[in-house]
Every structure is written in C-alpha cells, then in structure tokens.
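Each remark here refers to the structure printed beneath this line.
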Amino acid sequence: MAYALSPYRSYIPGLIKGPAIILLILLQSFVLGITSTTASRLSAFYGIEPETVVWFSQIGAVGMVVIVPVYYRLRMYFKKADLLQLALCLQVLLALLCFTVDYAPLLLVTNFFMGMLKLICLLDFISLLTANYPVMRHRALFYGIYYTIARIGGELADIFVNPVLEDYDWRDIYLISAVSASICIIICTVLFHRQRMHRKVPLYQVDWLSMFLFAGAALLFCYMLTYGKTLDWFEDDTILYALLGCGISTLLFVYRQYHVKRPFWNLRVFSLYQQVPLGIAFMLVLYVFFSTNFLFNYYAGYNFREEENYLSQVAFITLCAYLVSFPLTGLLLYKGVQRRVMLCIGFLSYAGSLYLFCNRIQTSASFEGLVLPYLMQGMAYGIVLTTLSTFAATNIPREMNADRVMGSLSFRYIIGSFAGYSLYSNWLFRSTVVHATRLSEGLTYENPLYNTELNSFRALYLSHGMDVQDATAAALATIQKKLQLQAMLVSMRDISMQAAIAAAIAACMVLLVRKFEMHEIAARNTYKIV
C-alpha cells in the first residue's frame with residue numbers, strides 16, 4: 001500500500017504551511033476550561049468550595065500528561081487529518097455543552113478531558129512545525145521557538161479573555177473556546193488531506209490499566225495538596241485515605257511498568273540517561289520559584305481588584321518577558337553558551353524579582369511598582385525552563401523520547417505545579433496566623449496607640465447613629481481586620497525574602513553542577529523531537 005509523504009494538500013504553498021501551524025498553536029491557547037479567573041466566579045455562582053474548584057481547574061494538567069503515551073499510539077491508528085478533526089470536534093462539543101448546560105459537575109469534570117484533547121492537538125501541531133523548519137531539530141532552537149509561541153499564546157488569551165469575563169458572563173469563556181476550536185477545524189480541513197501516511201497499528205496494544213493507575217495516583221496526589229490546608233492535613237481521615245490510595249496506585253503502576261511487554265511509561269529512561277533525572281530534578285527546583293507567582297497574584301488581587309484590567313496588564317508584562325527570554329535563551333544555547341551560566345542568570349533573576357517584590361509590599365501600592373518584579377520573574381522562567389528542557393532532551397534516542405516527555409510533563413505540571421501552589425498557600429496561611437497572634441498580644445488598653453485607634457473608630461460609628469455597644473463592637477472588628485491585613489503583609493514579606501535567598505543559593509549551586517555540560521548535540525538528534 002502506498003502512503004502519502006506529506007500531510008498537506010498538494011495545492012498548499014510552502015510559505016503558508018509554517019504560519020498556518022503557528023496560528024493553530026496560538027488558537028489552541030484560547031481553548032480554555034476553568035481558569036484562575038473563572039474559578040472564583042464558578043465557586044461563588046454555584047456555592048462550591050473554592051478548594052473543589054481549584055482541584056478540578058488544575059486536573060486538566062493531569063489529563064494532558066496521562067494522554068501522552070496514548071497519543072503516540074493514536075497517531076499510528078488514525079489518519080492525521082482524522083485524529084485532528086476528531087479532537088477538535090470534541091473540543092467544540094465539550095465547550096458548547098459547558099456553555100449551554102447549567103450543571104456544575106459537568107464544568108468541573110470536562111476540564112480533565114479538555115486537557116487531553118488540547119495536548120493531542122498541540123503535539124501534532126508541534127510535529128508539523130518542526131517538519132516545516134528543520135532548524136528546530138536542534139533542541140535549544142526547538143524549545144526557544146516553541147515556548148515563545150505557546151507561552152505568548154497563553155498570555156494573549158489572558159489579555160483578550162479577561163476583559164470579556166469582566167464585562168460579560170464568565171461562562172462566555174466556553175463560547176470563546178468553541179469558536180477557537182471551530183476556526184482550527186476550518187484551517188485543518190483546508191490544509192490536510194485524508195490519505196493514510198503510515199501503517200495502521202491497533203489500539204489494543206495500549207496499556208489501559210497503567211493509564212488508569214497513573215491517573216488515579218495523580219488525582220489523589222493533587223487532592224491531598226489542594227485540600228491539605230482546609231482539612232488540616234493528616235489530622236483528617238480523608239487525606240490519609242488519599243495518601244494511602246496514591247501510594248498503592250503508584251506502587252502498582254511502577255511494578256507494572258517493569259513487568260509488561262509494552263510499558264505505558266518506560267521508567268528505565270531515568271536510569272539509562274543521566275540528563276533526564278538531573279534535568280527534571282532542577283525543573284522541580286524551578287517550580288519552587290515559579291510558584292511564587294501565587295504571592296505576586298495574591299498581593300496584586302488585594303490591591304488592584306477594583307481595577308478591571310489589572311489581570312490583562314499582568315499578562316502583557318509577562319508576554320513581553322517571554323517574547324525576549326525564550327528565543328534569546330534558545331539562540332544563546334545554540335551558539336554554545338554554557339547551560340550553567342544560563343541557569344545561574346535565571347535563578348539570579350528570580351532572586352532579584354523576589355527581593356524587589358519584598359521591598360514593594362505595603363498597604364497602599366501602585367501597579368507600576370510591580371512591573372519590574374513581574375518582568376524579571378517572566379524572564380527568569382523563560383531562561384531556566386528553556387535551558388533545562390534543552391539539557392534533558394539532548395542525546396535521547398527517538399524510541400525513548402516519549403518517555404522523557406512524559407517524565408518532564410509529569411514532574412512539572414503535576415508534582416511541581418501542585419506542590420508549589422500548596423507550599424506557598426500553606427506557608428502564607430500559617431505565617432499569617434503566627435504574626436496575627438503576636439500582633440494581637442500588643443492590643444491592650446495599656447497601649448496608647450490601640451486606645452487612640454479604638455476611640456477613633458468608635459467615634460466614627462457613633463456618628464453614624466450606632467449606640468455605644470454596637471459602635472465598640474464594630475470598632476474592634478475593624479481593628480481586627482487591619483491586624484489581619486498587617487499580619488498577611490508581614491508574612492508575605494518574610495516569605496518572599498526567604499525565597500529570594502533560596503534562589504540566590506540555587507544560582508550558586510548550579511555553577512557547581514558540571515554535568516550540565518556533559519554532552520553536546522549528537523548526530524542522532526537530527527530527528528524531530530515530537
């Protein structure tokens with residue numbers, strides 16, 4: 001049987017192919033489920049616990065990771081055009097379903113499947129993009145170019161979607177997703193023929209049990225990190241059961257990978273290639289500092305929540321940082337700049353960003369004071385992520401590359417992302433309690449400042465017609481709110497300073513890790529990375 005050599009229709013000019021694929025990747029950035037912006041609205045609209053919405057809003061990442069090994073089998077079963085059209089049509093269907101059906105569990109659960117479908121489309125688009133630009137087969141240039149497109153697409157989505165959510169119904173995000181996926185369908189219909197390009201490989205060879213075990217372990221792990229603060233961690237039986245289930249599922253999954261003919265995730269990639277565990281370990285370090293954006297966004301949300309466009313301003317600043325950091329890092333690595341030097345610069349940028357942020361924390365702040373910290377944080381992420389991705393992917397043979405991708409995505413988007421959010425959320429909560437307790441010890445009638453504040457607020461409430469008892473209670477409540485605010489700001493300042501010191505230490509440590517220069521580009525890296 002003769003197979004087509006190219007997925008494109010014969011009449012498609014070469015100059016159109018590359019830009020069309022870039023447009024498809026950008027459009028996928030607008031295919032969204034539950035975002036950080038819509039999570040609070042969904043929680044308030046349906047009266048659902050915020051932790052529940054946070055958990056479901058992030059399990060899209062689990063869906064993206066768990067579908068990776070299956071994708072490589074799906075692409076050998078379906079025709080390329082059919083696989084893309086099926087995934088895109090399902091995106092449209094799920095988005096319209098969420099837009100029209102007023103049912104909260106549907107909105108929450110579909111986030112998992114949206115993540116799956118999005119990754120299927122992106123991996124196919126990345127493969128086509130690399131085929132159009134052979135220079136991207138160099139690992140540094142690949143990540144420098146791809147991350148630039150993908151991350152800028154994400155920030156553009158925030159810039160344009162957030163104002164829509166502010167002015168209209170928050171569920172309009174699903175309508176935007178449906179329109180974006182529909183445009184992708186039209187473009188794919190024009191670009192790609194429906195001829196088979198490879199031998200059909202049956203789907204029964206997929207290890208579905210391993211997929212179920214991995215997804216179960218990941219969801220239970222994320223559940224623990226999301227609900228830990230609310231349920232007081234291991235004082236609650238639910239967290240203990242989740243830990244037990246996660247542990248059992250993980251052990252069964254690992255055991256199965258070493259005892260089946262076609263493992264879902266070949267874990268031997270960690271022992272065979274040193275760059276994989278080393279690169280992924282430092283990706284976890286990266287996410288310790290990347291997750292400090294929780295502090296940035298929490299502080300910005302407190303100060304600027306009345307400004308409808310502040311989220312779009314944050315996204316624009318981050319977009320500018322990504323537009324410089326990702327392509328510049330890829331180019332410098334391609335030119336031979338040492339990876340240790342790039343990592344050092346990246347972690348120092350995090351240290352500087354956190355130090356500046358620490359010194360700008362106050363009760364009344366201007367948004368201009370946060371521009372430089374946000375910009376440096378975006379630059380740091382671009383530099384470190386591109387460098388570590390390049391290092392971990394170099395000299396990995398084609399047959400093991402999917403397992404390397406699985407490891408990178410698992411540790412970044414599941415462990416790193418969830419653990420980072422949980423770390424700073426719990427740290428801020430507990431530190432605020434400690435500082436509030438210490439501050440409250442000074443609120444006695446022997447404290448002249450406290451008496452002055454109390455009398456001032458009491459007089460204010462008395463002037464509004466309250467009696468003495470109610471005015472005193474209201475004054476005490478106001479002072480307590482001010483105390484909690486002060487405790488939160490002090491805690492935030494302490495955490496950001498300690499994180500800045502840790503980032504500076506990490507910048508020094510990477511200079512000592514000589515293994516980051518242990519290999520150069522080999523001839524076997526000429527294959528497409530996806």
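This structure is a prediction, so every number in the text was calculated from the model and none was measured. Start at 1 with the first residue, then count along the sequence.
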Would you tell me whether [X] and [Y] have side-chain atoms, one donor and one acceptor, within less than 3.5 Å of each other?
X: N293; Y: Y381; answer: no
X: N426; Y: W233; answer: yes
X: S180; Y: Q28; answer: no
X: T189; Y: Q85; answer: yes
X: N132; Y: Y8; answer: yes

Could you list the residues that satisfy side chain to side chain contact (heavy atoms under 4.5 Å, CB included) with P373, not counting sequence neighbours?
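Here the qualifying residues are F296, S353, L356, F357, R360.
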So, using side chain to side chain contact (heavy atoms under 4.5 Å, CB included) as the criterion, who are the partners of T432 when residues are at least two apart?
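Expected list: L428, Q484, A487, M488, S491.
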To the nearest 0.5 angstrom, please state how far the [atom1] atom of [X] sits from the [atom2] atom of [Y].
X: F391; Y: L333; atom1: CZ; atom2: CG; answer: 12.0 Å
X: R398; Y: M400; atom1: CZ; atom2: CE; answer: 14.5 Å
X: F418; Y: L225; atom1: CZ; atom2: CG; answer: 8.0 Å
X: I183; Y: C188; atom1: CD1; atom2: SG; answer: 12.0 Å
X: I159; Y: T318; atom1: CD1; atom2: OG1; answer: 8.5 Å
X: L385; Y: R151; atom1: CG; atom2: CZ; answer: 6.0 Å

Is any side-chain heavy atom of [X] less than 4.5 Å from a side-chain heavy atom of [Y]?
X: M342; Y: T329; value: yes
X: W265; Y: D207; value: no
X: F253; Y: F264; value: yes
X: F192; Y: I12; value: no
X: V92; Y: I185; value: yes
X: L84; Y: F125; value: yes
X: Y77; Y: L83; value: no

More than 12 heavy atoms of other groups within 6.0 Å of [X] [atom1]:
X: F113; atom1: CZ; value: no
X: F294; atom1: CZ; value: yes
X: F282; atom1: CZ; value: yes
X: R194; atom1: CZ; value: no

Classify the ring geometry of [X] against [Y]: parallel below 30°, tilted from 30° to 60°, perpendicular beyond 60°.
X: Y287; Y: Y413; result: perpendicular
X: Y334; Y: H138; result: perpendicular
X: F347; Y: Y350; result: tilted

Might you work through the side-chain hydrogen bond (donor to acceptor under 3.5 Å, both in side chains) test for S422 and K229, ending with a clear yes or no?
CA-CA 8 Å; S422 180; K229 182 179 73 175; over 6 Å; no
Is a side-chain donor or acceptor of D82 paired with a backbone partner of F78 at a separation under 3.5 angstrom?
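No, because the side chain of D82 does not come within donor-acceptor range (under 3.5 Å) of the backbone of F78.
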Take L319 and L156 through the test side-chain contact (heavy atoms from CB on, under 4.5 Å) and record every step on the way to the result.
CA-CA 8 Å; L319 183 150; L156 284 174; 3.6 Å; yes
Between [X] and [Y], which heavy-atom pair has the shortest distance, and what is it?
X: M224; Y: A242; answer: CG-CB, 3.6 Å
X: L15; Y: P19; answer: O-CD, 3.2 Å
X: A503; Y: A351; answer: CB-N, 3.7 Å

Apply side-chain hydrogen bond (donor to acceptor under 3.5 Å, both in side chains) to N401 and R404, showing your working.
CA-CA 5 Å; N401 194 52; R404 191 271 312 168; 3.0 Å; yes
Which pairs, with at least one residue in residues 107-122 and sequence neighbours excluded, count as a side chain to side chain donor-acceptor pair (under 3.5 Å)?
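Listed once each, the pairs would be none.
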Let me see the working for S389 and Y147 under side-chain hydrogen bond (donor to acceptor under 3.5 Å, both in side chains), right down to the final yes or no.
CA-CA 10 Å; S389 298; Y147 282 148; 3.0 Å; yes
